[in-house]
Every structure is written in structure tokens, then in C-alpha cells.
Amino acid sequence: MTTILESLNRGLRTCLEESDRVYVIGEDVLDPYGGAFKVTRGLSTDYPEHVITTPVSEAGIVGVGVGMALRGLFPVIEIMFGDFISLTVDQLINHAAKFRWMSNDQVRVPLVVRTPMGGRRGYGPTHSQSLEKHLLGAPGLRVVAATALGDAGELLRKAVLEDEDPVLFLEHKVLYAKPIIAHDELSDFEVDVSDDPYPTYRLRIAGAPTPVITLTAYGYSAELAREAVKRLAYEHEIFSDLIVPTHLSPFELSDLFSAVRQTKRLLTVEEGTMTLGWGAEVIARALEELGAGLHAQRVAAGDMPIPAAGLLETAVLPQVEDIIEAAVALSEAN
Amino acid sequence: MTTILESLNRGLRTCLEESDRVYVIGEDVLDPYGGAFKVTRGLSTDYPEHVITTPVSEAGIVGVGVGMALRGLFPVIEIMFGDFISLTVDQLINHAAKFRWMSNDQVRVPLVVRTPMGGRRGYGPTHSQSLEKHLLGAPGLRVVAATALGDAGELLRKAVLEDEDPVLFLEHKVLYAKPIIAHDELSDFEVDVSDDPYPTYRLRIAGAPTPVITLTAYGYSAELAREAVKRLAYEHEIFSDLIVPTHLSPFELSDLFSAVRQTKRLLTVEEGTMTLGWGAEVIARALEELGAGLHAQRVAAGDMPIPAAGLLETAVLPQVEDIIEAAVALSEAN
Amino acid sequence: MSRPDNAAFYRRMLRIRRFEETVLDLFPRGLFYGTTHTYIGQEANAVGVLAWLREGDIVVSNHRCHGHFLAYGGSMRSLAAELMGRSTGVCGGRGGSQHIQWRDFYANGILGGTVPMAAGMASTEKLKEGDKMVFSFMGDGTLGEGVVYETLNIAALGAFPILFIVENNRYAQSTPTRLNLAGEIPDRFKAFGIPVESIDSTDVVEIHEAIEPMLKYVREKNGPAAFVVHTYRFAPHSKGDDSRDPEEIARYRTKDPLPIQAERLEEANQREIQESVEMEVADAFEQAESDPAAEPASLTSPLGKSQ
Amino acid sequence: MSRPDNAAFYRRMLRIRRFEETVLDLFPRGLFYGTTHTYIGQEANAVGVLAWLREGDIVVSNHRCHGHFLAYGGSMRSLAAELMGRSTGVCGGRGGSQHIQWRDFYANGILGGTVPMAAGMASTEKLKEGDKMVFSFMGDGTLGEGVVYETLNIAALGAFPILFIVENNRYAQSTPTRLNLAGEIPDRFKAFGIPVESIDSTDVVEIHEAIEPMLKYVREKNGPAAFVVHTYRFAPHSKGDDSRDPEEIARYRTKDPLPIQAERLEEANQREIQESVEMEVADAFEQAESDPAAEPASLTSPLGKSQ
Ligand SMILES: Cc1ncc(C[n+]2csc(CCOP(=O)(O)OP(=O)(O)O)c2C)c(N)n1
Ligand SMILES: Cc1ncc(C[n+]2csc(CCOP(=O)(O)OP(=O)(O)O)c2C)c(N)n1
Ligand SMILES: [Mg+2]
Ligand SMILES: [Mg+2]
């Protein structure tokens, strides 16, 4: 059993093995500490020249990464908590994401910025957020999210070695400790995987009737949605399919549209706060694409900061029950 | 005839007159320069103690504003170009917007951050953007947009003196030179104004048949949409209503929903890039609220940076013709 | 302001120490949420510095805020309750360990982000023309954040009454200062014309005295100053994440601020203080534990209505 | 590298001067988009500093980039074409005046934002173990941006081969240094242990010589250094926005770098250079004007396909 954490660690290791242009950079990434969440553990021991610890300077280190990438290296920057991505927005939007286009396509910025998003660990308002919504849709910036349904390390490897553009790579704190799910272990489900470099997964309860509702979710929320899909089938006899993209931005939703064309009912699930979250764009595109007749709802965090106290945090963040409830309601809407 | 610029200048002047808690702060805001776009002209001459020029430190000055606001002052920070708001995202999201809630409602942050967004002046990729989409939906941050349909200065005065929460106040470079439109001068239109502190305007061609499509837009885009509504009526005999909010976030769309409930066709117009722009949330909410049967489309900037060359910029940013074309198509969709 | 006596210094430090130790002890019981950054070893800083606090002065703290909060006069029980997510917590359980607001005390978990806020508060005091000042705490690692320098420039230009206190505990999380910090800490302030005093000490009395000139400067000149304390933390960065050399820790343990200060007291006096602090701590955690949990129903929208 | 002769210095500065004057002259004709920040008065900096450039060295510039670009060896015609939005522009009309990329030359209009990028580029050169270095230009006002200090720290810790050149033209837009900058500029670098040299001069030869020790330091020690030139711009910040005292401008005009350098040449030589530059400028703008406009159809998505 490989955890997402191990997979990511292995992914970075593979990158370092395969290319001497890779540099892993971030706060506290050196051994024996190996990073706040241990994703870089062991790497500085084996690749001492290629793993670089930095001062506490989120904007600065992303900017340094932009420079390295422009000059042909493959820097992988760790931002310790996704909450601090706020400090790098200028470097991401006005620098990393613009240089290629602004130079009339003369240069490339193969930068990866990795960061753990998400709550459910009681870290409170500045260490629990899913701030990716503020960066999705920034032209020139790719956003990719790891999932338990695939090899997170391989996904990261592609972002580092095969993508010539800047990638914000999202991890979820709760996913780290989860095992990667072999699809044949998902015995309840039939799984289809698209053959995009950053694939989209489509799950359906094995042998179930035609789905009547389509769920979509990414990252750790996909795990909650998967649980919801099961319980919807077994407890409510509501059959659904679940679309799990790993490539969030730029948005490319053809797999989702195929599914929704059948069901006409779309439920998006995400852990970020709802307003202008990922689901908003998904729904807007689905409606533009499919035209009238679509029903849709979103499940997301309440539009407020994330409280530290466990009960409060649970109330603010979306839970499996919330998904089920929304799905039941949506399946009845007309 | 009062221009938006004069109105904003007057609004700030009124604030300074009405309360000695107001401080106008920003880069190059002193006379005789009076700010890069001259919104603060004359103020430092008349209120020398209350108009403060700062170093080129966008994050720092917003942070200073947070501190002043927490201690009972009403700071109004000018960010010279909206493109630089990217440097203040941490101060806005993790500080200004969180303190009230995070302290269990013990404190208030009556901060206003004003900034000119928008292109159409050939300033190129880092001085032309409409980056507000990256901040709309941040819990605890209010976003308000000036419009030519109302007294921008009065809107600003409310944000400064009457709002106890942090407000990102959007101006548009092209609006500055435009006159405020007295509603009786809008002879083609019937205008309704909601009685919210940050009002929503509803426009319809005077004496026209029931609208078949609803447009919504804010800021300078509302001017383009207004032109489109006219031409749709006179050239295409497509009758529409136009909803222009000034209060963008948190989203409160009941006026829009009333209109769309009639037309079932919704066209959003904005100058920011399309993906996860304001229109995405508007459409998602409209669909969630109104259910199946809604048709919707967005008009927005292409998902790319804004080029400097005039022809290119025009091609990337939404124009009246784009709105008309989208509206015609939408009116025919089924 | 009259200087606290040795007993008061000892008591204040011991309150922090025993509070923090209790937090670490109780953590495995699952009483708390998230994690915590304890102040064990650094008590002399908060106590020595904040003994100069006057009514209405402002304290701006950071992720390692328990010590500052207790030295400020914050209640143990409400801090314990905050960590336990009780409705009686300093911030009703919303903030947790790093996000504390009470009276004129403010903390946030974003390193450096509170520094411009602190300067803004100081500017407010200056505009009011009162004699209040701001104490702004930061760690050595926080000197990596750019907004700190934006603030030093702004505060120096505006001559804001603020004292920047750098607690150099020689590490940012796992990273020793040597890998984090080029040049010398005091020069970071001198670069903006801000006067600075440094001390390498864990003796609360020494620290208290050493800071006096900077404090006077801030109050009289109404301008910023800085104070750097070279210190050490004994416990892990948060909990369980300690990769420092145990020998190094042991070496610094010999400079524990508590025994240093205890020695200035009669044994009986020491014991009396210890017992009373023990009781206070026990009561605080007991009460906090029996306080009601923060209720989801209490959650409000983060914005008031626009009027 | 052999030192450029006086004629070369003069020619290089004159190219910049006449390019910029032509831009300002032609602006009312509506040929250009947006606005522009001219380098008039500061020519000795770019020319004196970049005369040290070796093949493969990197130059990172800012909003006021025309002078740097031309001194780097950039083509007048493609710069003029860029300002006019022609497909032959340095960046095909996408970038405009502030956003220029060509070979190892990079500029962006976000103040300070390019400084960490420059350091990242320098780190790359260090990792390659070559002898290339980075020249990173910034204005005095840019010292307000926090990311500059993050970068100084990182560059000093990593000993990156980068030279920070501060062109202190005594203003940030309309704001005099006195209102923008606390303390002394060189101390901003010393605070990070970065060696720094300053000069108050508009004499290209003086500047060229003064920078030599810092340049040697960077190339030999493979670590960052800084160079501060106190200078002045004669033209408005962008165009038409000048609120400085005309007498002050006139005073500095007496130190115009061009006559200072011209005096070192025979009159005939001066005239010859002037005529050839005049022709070059006229040709550049003429050609640029007749170049095809950038085509909307040329606009691509900002991202390649993920492979
Ligand atoms: C902006 C930001 N970056 C990173 C962190 C994660 N972090 C928390 S504490 C810490 C080390 C801080 O070191 P220092 O300032 O020396 O304070 P100390 O913990 O030593 O008291 C780091 C990197 C953070 N909280 N905020
Ligand atoms: C991040 C950012 N803030 C503000 C501006 C607007 N701006 C452009 S130039 C300038 C003044 C810059 O002063 P300085 O660094 O001294 O350079 P100079 O213009 O004097 O060459 C300002 C404030 C900007 N381009 N980027
Ligand atoms: Mg430390
Ligand atoms: Mg300048």
C-alpha cells in the first residue's frame, strides 16, 4: 500500500533521478525534517545539491523559481501551507503566468509550485484554507490537483518534467495519509480513465442502472463524493456517476459534459468556499454548453473563514452527508 | 456635467469633511500630482494631515490600513493600478477579511482599498487587467464597483464612512473621464434603482415590449452593455433589460433573479478574463435559484493577458459588437 | 512605571511555562485541535519586555503567541478554552492557538503579515497624539518576509511609535538562522535608520533592563526602534517536530530563564509561587474543559450588512 | 574585456537619447499605445554599466527599460515597432513599452517583481558553474517593495552572481526619495552582507570605472553585490506628468551626461556620430511605421497543450 505522501515523494525522487535540471526548493525541505508534511523526506540526503532550503519568503522563492524556469531548469517550489499562496499571487499572475505569452511565445516557464490545501485538521483560519479558487482561471497558469484515484507522484512527475508551463500543483493535507486506490480495489465501481496527461476519472457503481445524476469533485473532495455515490446507491437507490478531474485549469470539461448530457443533473463538490469556487465555472460552462434543461447545485465550504474548533470546522466544511442531501434534493428537482 | 473622476474626488473630499477619522493613503497621492489618475487631486492641499503619500509598498500600505482600521480610523488606500492588487492578496484575504470573524466578531476593519481596473488604454499586460475576479468571493471582503449610472463619489463615501467591513472599491480607468449619467438624460431608458446602500440599477428601453433577455454587467462594461441594449432594440428588435449591480461581493442577486425569472435568458458581461470571472458565479447562482429552463452565456475578455498593441487589445477585450452577437445568439437558443 | 519585583517576574514566567507544559502534556488526550507552538524557553522575553506595558499599549504577536498573551495579562482559562474549542475561548474557538484577539492584543498565524498592521496601529496612536505605543513581536525566521521591510520603511518615514522585538531563537521551524538569514539581524533595522539594541540572554531582569533605552526612545521620540533578543526554545517547533541536536538543546537548557530568576527568590517564596501557579493552571484547564463547546449555530457571516 | 572608447560611449548614449526624444516627439501623432517611461538623463548608467556585459550575461530591467535594452544591444527598429504595436516588435506588440524580452534581456512593469526572477537566473548561472552573471536594474522607489529584500537575503545566502544596480533618480514617479526612503540606500544592501559601491555622477566613464570593483566581486566571488548611482531624469516620469520644480530640473540639466562625454571627442567625431545616430533613429522609426500591425489572428492561448 502506497500513500499519496509516499507517491508524491517518489514522484519527486523520480524527477531528480531523471533530470539534473530539477531543483526541489522550499522552506524546511531538508532532512532530517524533510518538509512540514514530509513530502520531501530523504531527497536532500540523496540529492544534496538539488534540494534547497529557503528563508521564509514565499513571494521571493516563487520569483526565484520563475527565473530558474526561464533559464531552462525545472524548479519545484513547495509552499508550506496553501494558505500562503496568497503571498505569491503577484509572482504567479504577473510573472510566471505571463512571461511566455507576453514575450510573444519566445520563452517558457516550466515552474511547478506545490502546496497542501485543505482543512479538517483543526489548524484554524490561516492554515486550513483551499485558496485555489483565487487562482483558477488565471490565464497562463495551469492548476493540477492530486487525487487518491491515481498515482499522485506520476502526476507530479508530468508537471515537473513534461509540462513547459507553470503549474500550481494542489495536494490535500488529508490525502497525504490515504492510500492510492488501485482501481481493481474499487470493487464497487467501474472506473474509466481519460488518456490526457492529467487524466480525468469517471466512476460508476458497477452494474448499476443508468446514472440519473452526475457528481464532480477533485482532490480530497472526490473521496467524499465517492463515498456519497456509494451511499446514494445503496441507501437511496439514486444512481450517479462521478467525474474526477486532475487538470483543473484551464478548464477542459468534455468528459464531464458527456456524462451530464445523459443525466442533466450536475452536482459539484469542493472544499473551498462556495462563491466563485471551481464549481461556479463548471456549472457556468455546463449551462453554456448544454443549454436549457440542466439542473445544478454546488456543495462547498460555507462562505466564511475556517474555524479552529473541531465542531465548528466540521460545520463549515462540506461532509459526505451534505453531498448526499444535495444529491437527493437535486435528483428530485424539476 | 460631473465626471466619475470628479465625483470620486468629491466623494473623498466629503469623507474628509465629515469625519476626522478618514485618511487617504497611497503612492503619489499628494498635490500637485494628486495621484496617477488624479482622483486625490486637491485633497492634500486642503487636508494635509489626512492625505499620506507612501513608498511603493502595496502589501505594506494595505497592512498599515488594516491596523488603522482595527483601531477605529477609516483609511482609504489607493492602489495605483488594479494590476498590483495581486501584491495585496495576503493582506486582504488573510488579514483584512478575516480579523472580524476570527476574533469572534470582537473587532471591525473599516478599510477601503480603491483601485482602477481595466484596459482599453494600451498600457499592456501588467497595467490593464481587471483582476477583481481573483478576489470576488473571498469571505469577509466586500467588493463594490463604481458605475456611470450613479454618483460614484457617494458610493465611495458609503464604503468609507458607513461600512464597517473592508471594501475593495473598483474604479475603471475609462470611466474616469465619463460623465455621471443623470437618469432623466437616459431618455431611451426607464431606470429603477434598488434602495440598497450599494444600489443595483435596472434599465429597460422606455416603452419597449417585455424584455426577452436579461443582460447584467458592472463598471465600465455596463456602459457597453447599455449601448448593446439600445442597438439590440433598434437594430435587431430584441428587447432586453440590463441589471447593473454596484455591490459585487458577497453576491446578492435578487434583483437580477426577478428579471431573469421573466426572460429565462441571461447574458453576463465583464471585462475580466472569462474563466471564473464574476459571470460564472452569477450564472451558477441563477441556475441554482431558477432551476432548469435557464439559458445563459458570458461575454468577457479572452482567457489571455492583455496585449499592448491597440488592435490586439481590442480583439481580446469585449466590445459592444461581441455583446450584441452573443445576445442575438442567446435570444435564439432553445 | 515601577519595575515589577523579582517575584512577579518569576510568577509571570512560571505561568507561561506551566501553561505550555500542560498543553503539551494534555495534547495526546485529544483535547485540543490542530497543533500548537509553545513558548517554553523564551518566557523571559515576553515577561521582560511586556513588563513595560502601559494601559492601552498594543501588543501584536504571532504564531507563537501564548507567552505574549499571558504576559499581556490574558486569561489562562480563556486561552485553554480557545485551544479546546470552547465557546468561552478568547475567540470563541474560531481562532485556536495562533489567532488570538483580546483588548489591545492581536495575533495571526501568517508570518510577517501582522507587522504592517502593527505599524498601522502605531500610526493611529501617533495621530491621536497620546503616549501609547505598539509592541510588535517577530521571530528570526520572519525576517525572511518582504512585508517586514516595507513596514520598517513606512514606520521609519512616519516615525510611528512601535517597538519591533525580534526573538531570535536561532531557528525558523527546522532551519537554523545560518541558512535563513544573511548578514546580521540588527543591520536589518539600521538599514532603515531604526535604532536597535541587542542582547543574548535568558535572564528576565537583564532583558527588562536592556530594552529600556529603546522603549524610552519610542515613547519620547515617537519613532520606531528595535530590540533583538538572542534566545532559544526548548520544546519542538510545534509538537513532535524537533530535529535539533539533543546536545544543543541540553546546552541551552542550562540557561533556562526560570531557575535563573528563581535563584533571586527565597526558597519559600519560590515554592509559594509554584503552588499558586500550579493551582491556577489546574483550575484553568479544568474550567476550560468543562466549558461548553463552541456551537456551530454561533457561526455568523463574516460581514455585517452593508448599512 | 577591453574598455569601450569614448566614441563608443558617446554613440551608445546618444542612441538612447535620440530614440527617447523621438518617442516623446512622435507620441502626439498617436503612433504609440499607452504610455512610456523615458530614460533621458540616465543614459550614462545603462551604457557605463552594460559596457561590462559579456556574451551570455543576463540583464533584468524594469518599467524604464528602453535605455537598458538599447545599451544591451537591442534593435531600435524592433523597439520602435513594439511601441507601435507592429508584428515586428520585440514581442510582437504584445508587451509594449514595459514588457520586453529578447535574448538574455527581460523586463516587466511590476516594480520589484523581476528582482527575485533575476536572482533565480543568477542561481542558474551559478549552478551551471559558468562565469555568467546577472545585471538587475531597479529604481530608488522600487526599494519600497518587500520582495526586493526577500531576494537580497536569498541571493546573499546562495551567493548568486548578481549585481543589483540602483538608479537613484531621486524620485519615484512624483515622490522625492525623502518621502519614500528611510535611511541610506547602501545600508539596504549591507543589511544582508552584500557589498555595495555608490557614485553620484552622470559621467559615463566615471560610472563605468566605479562599478568595476563590484563587478569583479560578482564574477570572482560568485556572490551578489550592489551599485548605487545617484542620477536624475530630465523628462517626466512617463509623459506630461512632471510636478518637479523646473529650476531643479534645470540645475541637473547642467550635468547632462551627453555633453560631458561629447567633450572628450573631437568636434568632427561628435558630428559624425550625431549624424549616423540621427540616420539610424530616423530609419528605425520609419521602418517600424511601415511594418505590418500585429494581427489579432496571431494571438495564441497563453499555455501550450499539456503534453
Ligand atoms: C507566511 C508564512 N510562511 C510560513 C509559515 C509556516 N511557519 C510557521 S512558524 C515558521 C517558522 C518561524 O520562524 P521564526 O519567525 O523564527 O519564529 P519561531 O517559530 O522560531 O518562534 C514557519 C516557517 C507561516 N506560518 N506563515
Ligand atoms: C508594483 C508596482 N507598483 C507601482 C507601480 C507604478 N509605478 C511605475 S514607475 C513608479 C515609480 C518607480 O520609481 P523608481 O523605482 O524610483 O523608478 P523610476 O521610475 O524613478 O525610474 C511607480 C510607482 C508599478 N509599476 N508597479
Ligand atoms: Mg525562530
Ligand atoms: Mg526613481
Side-chain angles (χ1 to χ4, degrees), chain C residues 110-119 122-123 138-160 162 164 166 168 172 175-196 198 221-226 228, chain D residues 110-119 122-123 138-160 162 164 166 168 172 175-196 198 221-226 228:
Chain C
I110 302 289
L111 294 179
T114 52
V115 178
M117 176 187 89
S123 86
M138 66 183 106
D140 48 290
T142 302
L143 292 169
E145 293 290 357
V147 77
V148 170
Y149 302 91
E150 298 190 3
T151 306
L152 297 183
N153 195 33
I154 294 170
L157 286 164
F160 298 162
I162 181 167
F164 300 103
V166 177
N168 172 21
T175 307
T177 328
R178 159 181 63 82
L179 296 180
N180 248 358
L181 238 153
E184 301 300 324
I185 296 178
D187 292 341
R188 302 285 178 97
F189 297 92
K190 289 181 195 155
F192 299 86
I194 296 176
V196 57
S198 308
K221 300 276 194 257
N222 233 344
V228 182
Chain D
I110 302 288
L111 295 178
T114 51
V115 178
M117 176 186 89
S123 87
M138 66 182 106
D140 49 288
T142 302
L143 292 169
E145 293 289 356
V147 78
V148 170
Y149 302 91
E150 299 190 4
T151 306
L152 297 184
N153 194 35
I154 293 170
L157 286 164
F160 298 161
I162 181 167
F164 300 104
V166 178
N168 173 21
T175 307
T177 327
R178 157 182 65 81
L179 297 180
N180 248 358
L181 238 152
E184 300 299 325
I185 296 177
D187 292 342
R188 301 285 178 94
F189 296 92
K190 289 180 194 156
F192 298 85
I194 296 176
V196 56
S198 309
K221 301 278 192 252
N222 231 344
V228 181

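Residue numbers start from 1 in every chain, and the chains themselves are labelled A, B, ... in the order their sequence lines are given, proteins ahead of strands.
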Query raised in the report: What option among C/Leu143, C/Leu179, C/Val148, C/Thr151 has the most heavy-atom pairs under 4.5 Å with chain D?
Result: C/Leu179
Query raised in the report: Any idea which of C/Val147, C/Asn180, C/Ile154 has the most non-hydrogen atom pairs under 4.5 angstrom with chain D?
Result: C/Asn180
Report summary line: Greatest number of non-hydrogen atom pairs under 4.5 angstrom with chain C, of D/Arg178, D/Glu145, D/Glu184, falls to D/Glu145
Query raised in the report: Which atom pair, heavy atoms only, marks the closest approach of D/Leu181 to D/Asp140?
Result: CD1-O, 3.7 Å
Query raised in the report: Are a donor atom and an acceptor atom from the side chains of D/Arg188 and D/Tyr149 found within less than 3.5 Å of each other?
Result: yes
Query - Contact class of D/Ile194 relative to chain C, heavy atoms under 4.5 angstrom - result: neither
Query - Options C/Gly112, C/Gly144, C/Gly158, ranked by heavy-atom pairs under 4.5 Å with chain D, top entry - result: C/Gly144
Requested in this report: Please examine the side chains of C/Thr114 and C/Ile110, heavy atoms only from C-beta on, and report whether any two atoms are closer than 4.5 Å.
Outcome: no
Report task. Using a 4.5 Å cut-off on heavy atoms from C-beta on, say whether the side chain of C/Asp187 contacts that of D/Lys190. Result -> no
Query raised in the report: For the side chain of C/Glu150 and the backbone of D/Gly146, is there at least one donor-acceptor N/O pair under 3.5 Å apart?
Result: yes
